[in-house]
J.: 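Sharing a structure below in structure tokens format, with a few things to ask.
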Amino acid sequence: MIINNRPVFLNLFQFRFPIAAIMSVGHRASGVLMLLCVPVLLYLLQLSLQGAQGFARAQEILQGGMGRILLLPILWALLHHLLAGIRYLFIDFDIGVSKQSGRRSAIAVMLAAPLLAIVIGFLL
Amino acid sequence: MSRQASGLRAWAVQRISAVYLGFYFIYLIGLFLFSPPTSYEAWQGWISHPVAGVGLLLFFASVLIHAWVGMRDVIIDYVPIFLARLTLLTVIALGLIACGLWAARIVIMAGTAA
């Protein structure tokens, strides 16, 4: 632990967040959200494999109103996490590290994730 | 565990599991978009195929290890109180292990079902 007396400014409401920072927070938030979905997913998987009746019940839950409403934010979380993750992998290999290209790719992730979520959610 | 999943090793594990998860999700989205299982028989047939079953088990293993490294990073960043941090990490570790065992049970039992 280093002790110093430098001033600390941590007022989150006065911070200006660049788009890459907002994308990064989204990466973490989507990860936590998906972790909470794991038990639900396992429950549905188990149900769908308990004979024809269970399969029909799982289908009913997924295609019902509640399932449809929840599908969109979960698809967004998945796609945002996936796209932002691919972006980080490129940056690990020194591709797109500059300030300008980092900003551009962050904007691309922020836009592509919700758009793809709507398209895939519509097709599913 | 936390000594095994920290520093360079956690960094590498996170990326290797990420690559598997990325490809697996693209495969899953493709499967459900282009040839979704429409009956219990088709679904059970898919999961009891050895390649699909092992691929799915590997997927759950990757999810759990990826989630552990990620949650550990998030909690270390945002939970400074030692007792709260320890409690949260313990709950998550036990929860992830329980989910892993549950997933293994589902996939193995589905494979042996008639």
Side-chain angles (χ1 to χ4, degrees), chain A residues 1 10 12 24-59 62-63 71 74-75 77-93 113 116-117 119-124, chain B residues 11-12 14-19 21-26 28-34 36-48 56 59-60 63-64 66-71 73-75 77-78 92 95-96 98-114:
Chain A
M1 189 78 160
L10 270 178
L12 288 177
S24 177
V25 171
H27 188 72
R28 288 190 157 195
S30 57
V32 175
L33 178 69
M34 284 191 289
L35 176 70
L36 299 176
C37 294
V38 170
V40 182
L41 178 79
L42 284 174
Y43 169 75
L44 283 173
L45 182 66
Q46 176 171 273
L47 184 65
S48 73
L49 288 161
Q50 284 169 349
Q53 233 173 4
F55 184 82
R57 180 85 193 94
Q59 226 172 10
L62 282 172
Q63 286 168 358
L71 183 69
I74 292 167
L75 266 179
L78 186 60
L79 288 161
H80 184 93
H81 206 85
L82 178 63
L83 294 174
I86 291 170
R87 178 182 176 276
Y88 287 138
L89 281 179
F90 275 112
I91 289 173
D92 282 341
F93 286 98
L116 272 174
V119 171
I120 294 173
F122 184 74
L123 291 174
L124 273 176
Chain B
W11 185 89
Q14 196 68 338
R15 273 142 191 86
I16 293 164
S17 57
V19 170
L21 289 171
F23 281 114
Y24 199 87
F25 268 120
I26 293 166
L28 265 192
I29 289 175
L31 180 76
F32 279 93
L33 276 183
F34 299 112
T38 46
S39 69
Y40 168 70
E41 284 71 27
W43 181 228
Q44 198 271 329
W46 176 78
I47 209 166
S48 56
L56 190 60
F59 162 76
F60 280 118
V63 167
L64 300 182
H66 194 85
W68 170 253
V69 175
M71 288 307 295
D73 284 349
V74 170
I75 287 170
D77 280 353
Y78 300 126
I92 289 170
L96 287 174
C99 282
L101 293 171
W102 188 13
R105 182 174 180 273
I106 294 171
V107 175
I108 290 165
M109 281 179 71
T112 57

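Quick caveat, the model's predicted, so the values are computed rather than measured. Labels below follow one simple rule: chain letters A, B, ... track the order of the sequence lines, proteins then strands, and each chain is numbered from 1.
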J.: What residue, out of Ser48(A), Gly31(A), Pro39(A), has the most heavy-atom pairs lying under 4.5 Å from chain B?
T.: Ser48(A)
J.: Taking all non-hydrogen atoms of both residues, which atom of Leu49(A) and which atom of Tyr40(B) are closest, and how far apart?
T.: O-OH, 3.5 Å
J.: Check whether any side-chain heavy atom of Gln44(B) lies under 4.5 Å from a side-chain heavy atom of Phe55(A), and answer yes or no.
T.: no
J.: Can you see which heavy atom on Leu82(A) is nearest to which on Gly22(B), and at what distance?
T.: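 It is CD1-CA, 3.6 Å.
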J.: Taking the side chain as everything from C-beta on, heavy atoms only, tell me whether Met34(A) gets closer than 4.5 Å to Val63(B).
T.: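 No, their side chains stay 4.5 Å or more apart.
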J.: Just how far is it from atom CG of Leu33(B) to atom CD1 of Ile120(A), taken to the nearest 0.5 Å?
T.: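 These two atoms lie 6.0 Å from each other.
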J.: How many angstroms lie between atom CG of Leu35(A) and atom CE of Met71(B), to the nearest 0.5 angstrom?
T.: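 With rounding to 0.5 Å, CG (Leu35(A)) is 5.5 Å from CE (Met71(B)).
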J.: Would you indicate whether the side-chain heavy atoms of Gln59(A) and Trp43(B) approach each other to under 4.5 Å?
T.: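 When only atoms from C-beta onward are counted, Gln59(A) and Trp43(B) do not touch, as no gap falls below 4.5 Å.
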J.: Rounded to the nearest 0.5 Å, what separates atom CD1 in Ile29(B) from atom CG in Leu79(A)?
T.: 5.5 Å
J.: Are Met109(B) and Gln46(A) close enough, and set up right, to give a side-chain contact (heavy atoms from CB on, under 4.5 Å), and what steps lead you there?
T.: CA-CA 10 Å; Met109(B) 281 179 71; Gln46(A) 176 171 273; over 6 Å; no
J.: Got a sec, which residues hit salt bridge (charged side-chain N to carboxylate O under 4.0 Å, His left out) with Arg87(A), two or more places apart in sequence or on another chain?
T.: none
J.: If you take all heavy atoms of Cys99(B) and Val38(A), which pair is closest and at what distance?
T.: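 Heavy-atom minimum between the residues: SG-CG1, 4.0 Å.
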J.: Tell me, for Leu96(B) versus chain A, whether the close heavy atoms (under 4.5 Å) come from the side chain, the backbone, both or neither.
T.: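 Only the side chain of Leu96(B) comes within 4.5 Å of chain A.
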J.: Between Tyr78(B) and chain A, with a heavy-atom cut-off of 4.5 Å, which part of the residue counts as in contact: side chain, backbone, both or neither?
T.: side chain
J.: What option among Asp73(B), Ile26(B), Leu21(B), Val74(B) has the most heavy-atom pairs under 4.5 Å with chain A?
T.: Val74(B)
J.: Are Val19(B) and Leu89(A) packed together at the side-chain level, in the sense that at least one heavy-atom pair is separated by less than 4.5 angstrom?
T.: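 Result yes, sub-4.5 Å side-chain heavy-atom pair found.
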J.: Residues two or more places apart in sequence or in another chain: which of them pass ring-ring contact (aromatic ring centres under 6.0 Å, His included) with Trp11(B)?
T.: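 If we apply the ring-ring contact (aromatic ring centres under 6.0 Å, His included) test to Trp11(B), skipping adjacent residues, there are no hits.
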J.: Does any heavy atom of chain A fall under 4.5 Å from the side chain of Ala103(B), the backbone, both, or neither of them?
T.: both
J.: Could you look at Phe25(B) and say if it's the side chain, the backbone, both or neither that has a heavy atom under 4.5 Å from chain A?
T.: side chain
J.: Heavy atoms only, distances under 4.5 angstrom: which of Leu124(A), Asp92(A), Leu75(A), Leu123(A) has the most pairs with chain B? Name it, please.
T.: Asp92(A)
J.: Using side-chain heavy atoms (C-beta onward) and a distance below 4.5 Å, is Phe60(B) in contact with Leu41(A)?
T.: yes
